[in-house]
Amino acid sequence: MNAQEMAARIVRYGELQPCRTAFIDAHTPGSDRKENFTIIGGGVSEAADQHVHITIPHGFNIGAAGQPPKCRNSLHSHRTAEVFFVLSGRWRFFWGRRGDAGSVVLEEGDIFNIPTGIFRGFENIGTDYGMIMAILGGDDAGGGVIWAPQVIEDARAHGLVLGANGRLYDTAKGESLPEGVGPMPVLGEKELEAFPEPTAAEVVPNYVARYWDLVALAEKRPARVIGETGILRDRPGFEVDFVTRDSASATPHSHDRPSVLMPVRGHWRVSWEGGATVLAPGDTMSVPGGLDHAAVPAMTGEAALYHVIATDDPAGATWA
């Protein structure tokens, strides 16, 4: 594969195309300045004009959320795994029906395999624009987002209506639900009882891994972060490894399916028969299945990246 062909499988941080109306809370004060990025796969955006950078199926989706300080993403849930790692900034993740069951603060490089079936949200509590990268289970990312009832109600008060077809309609722009399409039903109290309210003591030890702990664990070989034998034990339909300078190998290798490289720190030289490129933090690279390649730090200094690959497990609920 030549460099030009591979370039179509690389999304540079500086070339990411945001959508500012991706979700139902896009007009709700406190959430109206967030940006959504769909990097690999269709994602879960509710906006028809969301740009998708790479459409090749991988068995999972890669996305990102960028937010200025004090901006938050509203409470929602997913049917498949949702994993975040912090690329930049300082973030507070919170969960529960009202967002008060528990919370955790994550910093650059930290990763959170959020349990499925709970309402979750997050906010940038840093002092500058921040970015978190996301991995969503399944090619269809579980069929969309489940919103807490108050989020749908707040959005309606600010002109946005979510149709039962999963699409947003902005009444302030004169849009209305198409004929035959009703509004997205709001969950009733009986349905809400199925959403757990775990404490931080139950969530953090089993679903959060800290960057500097992973650096120590990846001293000799890449650390399996998410997987059946991972630090965060799970089988969500994909595995996540953490690679550092000490555990990187210049020996070419290949996988039987596409894999994804996502640098966190430092610059990484990825080489393959036919070309080479250098990735920086925030870049995302899809490596074709069957292609021999190697990734090693391109410069001195700290270097770390996350590696993601699908497994034969079906995309589903977390089970840690």
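Scope of the values below: all heavy atoms of this structure, side chains included, with no hydrogens, waters or symmetry mates.
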(message) Looking at every heavy atom in both Pro236 and Ala81, which two are closest together, and how far apart are they?
(response) CB-CB, 3.5 Å
(message) Tell me which one of Asn113, Val260, Val83 satisfies side-chain contact (heavy atoms from CB on, under 4.5 Å) with Ile135.
(response) Val83
(message) Counting neighbours of CD on Gln4 that are heavy atoms of other residues, nucleotides or ligands and sit closer than 6.0 Å, is the number greater than 12?
(response) no
(message) For Phe119, run the ring-ring contact (aromatic ring centres under 6.0 Å, His included) check against Phe195, Phe93, Trp95 and tell me which one passes.
(response) Phe195
(request) For His51, enumerate each residue passing the side-chain contact (heavy atoms from CB on, under 4.5 Å) test, keeping only those at least two apart in sequence or located in another chain. (result) Gln17, His53
(message) Check this for me: Arg210, atom CZ, are more than 12 non-hydrogen atoms of other residues, nucleotides or ligands nearer than 6.0 Å?
(response) yes
(message) Could you see if Ile231 belongs to whatever hydrophobic cluster contains Ile309? Use Ile, Leu, Val, Met, Phe, Trp, Tyr and a side-chain cutoff under 4.5 Å.
(response) no
(request) Indicate yes or no: at least one non-hydrogen side-chain atom of Asn73 is less than 4.5 angstrom from one of Trp91. (result) no
(message) Is there a path of hydrophobic side-chain contacts, each under 4.5 Å between heavy atoms of I/L/V/M/F/W/Y residues, joining Tyr207 to Val204?
(response) yes
(request) Please report the shortest heavy-atom distance between Asn2 and Glu5, naming the atom on each side. (result) OD1-N, 2.7 Å
(request) Assign the ring pair Phe122 / His76 to parallel, tilted or perpendicular, where the plane angle (0 to 90°) is split at 30° and 60°. (result) perpendicular
(request) Please work out which of the three classes, parallel, tilted or perpendicular, describes the rings of Phe242 and Tyr211, given edges at 30° and 60°. (result) perpendicular
(message) Are the side chains of Arg97 and Gln150 in contact, using a 4.5 Å heavy-atom criterion?
(response) yes
(request) Taking ring-ring contact (aromatic ring centres under 6.0 Å, His included) as the test, write out the residues that go with His58, two or more places apart. (result) Phe60
(request) Check whether any side-chain heavy atom of Leu177 sits under 4.5 Å from a side-chain heavy atom of Val161, and report yes or no. (result) yes
(request) Show which residues join Leu305 in its hydrophobic cluster (side-chain heavy-atom contacts under 4.5 Å, direct or indirect), or state none. (result) Met1, Met6, Ile10, Val243, Leu261, Trp268, Val270, Trp272, Leu279, Met285, Val287, Leu291
(message) Using the side-chain contact (heavy atoms from CB on, under 4.5 Å) criterion, which residues pair with Arg72? Sequence neighbours excluded.
(response) Ser31, Arg92, Phe94, Glu123
(request) Using a strict cut-off of less than 4.0 Å between a Lys/Arg side-chain nitrogen and an Asp/Glu carboxylate oxygen, indicate whether Arg257 and Asp312 qualify as a salt bridge. (result) yes
(request) For side chain to side chain contact (heavy atoms under 4.5 Å, CB included), just list the numbers for Leu214 and Tyr306, CA-CA rounded to whole Å, side-chain angles, deciding distance to a tenth of an Å, and then say yes or no. (result) CA-CA 11 Å; Leu214 295 177; Tyr306 282 106; 3.3 Å; yes
(message) Does anything in residues 273-295 form a ring pair (Phe, Tyr, Trp, His ring centres under 6.0 Å)? List the pairs, not counting sequence neighbours.
(response) His253-His293, His255-His293
(request) Could you check His27 against Asp170 for side chain to side chain donor-acceptor pair (under 3.5 Å), going step by step and ending with a plain yes or no? (result) CA-CA 9 Å; His27 292 344; Asp170 192 342; 2.9 Å; yes
(message) Asp313 vs Thr311, test: side chain to side chain donor-acceptor pair (under 3.5 Å). Steps then yes/no.
(response) CA-CA 5 Å; Asp313 298 305; Thr311 67; 3.2 Å; yes
(request) Please go through Val278's hydrophobic cluster and name the other residues, only I, L, V, M, F, W, Y counting, with side-chain heavy atoms under 4.5 Å joining them. (result) none
